[in-house]
Amino acid sequence: MQDASGRSGPNRRELIVSGAGRASLFVTRPACATDETMRAAIRDFVGEAQVRSGRIKLDLPPLVENGNAVPLAITVESPMTAEYHVKAIAVFNQKNPQPNVAIFHLGPRSGRAAVSTRIRLADSQTVTAIAQMSDGSFWSDSVDVVVTLAACVEGL
Amino acid sequence: MARALINVPAKAKRGDIVEVKALIAHPMETGYRHDIKGESIPRDIIKSFVCSYNGEDVFRAELFPAVAANPFIAFNVIASENGVLTFSWTDDHDQIEVRTAPITVE
């Protein structure tokens, strides 16, 4: 069987009916991180430690018009003394091609655990920030973001 | 030489927490895009950024392709003594760029 474009094989309707069309939709999508790769990236950062929610505040606009430059700000409630301070803050995403966004290393000389930057988001997704304290505890916050213009995967 | 804007308050009281902002002109090419011929554009990003205060590292960032083009990074540091803040960043070609900003502490 040949269709108008000269290709042989099942036509569009047959593909949809068979469910193969639905499967191929996923095959042709650009590579993107999944929940699984995000969890793996988080595991790389925290190891076996338990991640609790709280103490860290991730600030992202809930609705993003342009995913190419999304303002992101993170603050952690913590004293910044030599005895107890925020050691690192890592940002992860769910659906960009890579799960990592950035890792910031702070110390007692930071004075205040607050960083901001601008990131890319390829799709509407959840962004997670995790703070590592000097005592080895981890705290996290997540924000769901809706992106109307995606970044990263478009051509020139 | 890439253009960069570094914003450090020129003067601060001893012990004050000052905000430092850096904006670096860089395409942060992700490596996931294709040019008009369909060939993939090689990755070219700033992968690390370090700020040191009179020689001691006070802030460090590891960046990934998800950081927007022309990366902007803002963070805080305690103004402890007169001196110089040195900013250096490394790209995928292992080229290191350095900028300095003086700070006067009263």
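What you see below is based on every heavy atom in this structure, not just the backbone, and it leaves out hydrogens, waters and symmetry mates. In what follows, chains carry the letters A, B, and so on, assigned in the order in which the sequence lines appear, proteins first and then strands, with residues in each chain numbered from 1.
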Between A:Phe138 and A:Phe45, how do the two ring planes meet: parallel, tilted or perpendicular, split at 30° and 60°?
perpendicular
Could you tell me whether B:Lys47 atom NZ has more than 12 heavy atoms of other residues or ligands within 6.0 Å of it?
yes
Non-hydrogen atoms of chain A under 4.5 Å away: do they reach the side chain of B:Ser48, the backbone, both or neither?
neither
Exceeds 12 heavy-atom contacts within 6.0 angstrom, atom CD of A:Glu77
no
Quick one about A:Gln94 and A:Thr126 (side-chain donor to acceptor, distance below 3.5 Å, no hydrogens or angles considered), yes or no?
yes
Most heavy-atom pairs under 4.5 angstrom with chain A, which of B:Leu23, B:Asp16, B:Val67?
B:Val67
Which atoms of A:Pro108 approach chain B - backbone, side chain, both or neither, heavy atom under 4.5 Å
backbone
Flag the one option from B:Gly38, B:Ser80, B:Ala74, B:Ala61 with the top tally of heavy-atom pairs under 4.5 Å to chain A.
B:Ala74
Find the one option among B:Lys21, B:Glu56, B:Glu19 whose heavy-atom pairs under 4.5 Å with chain A are most numerous.
B:Glu56
Can you classify the ring geometry of B:Phe49 versus B:Trp89 as parallel (below 30°), tilted (30 to 60°) or perpendicular (above 60°)?
parallel
Part of B:Ala79 within contact of chain A (heavy atom distance under 4.5 Å)
neither
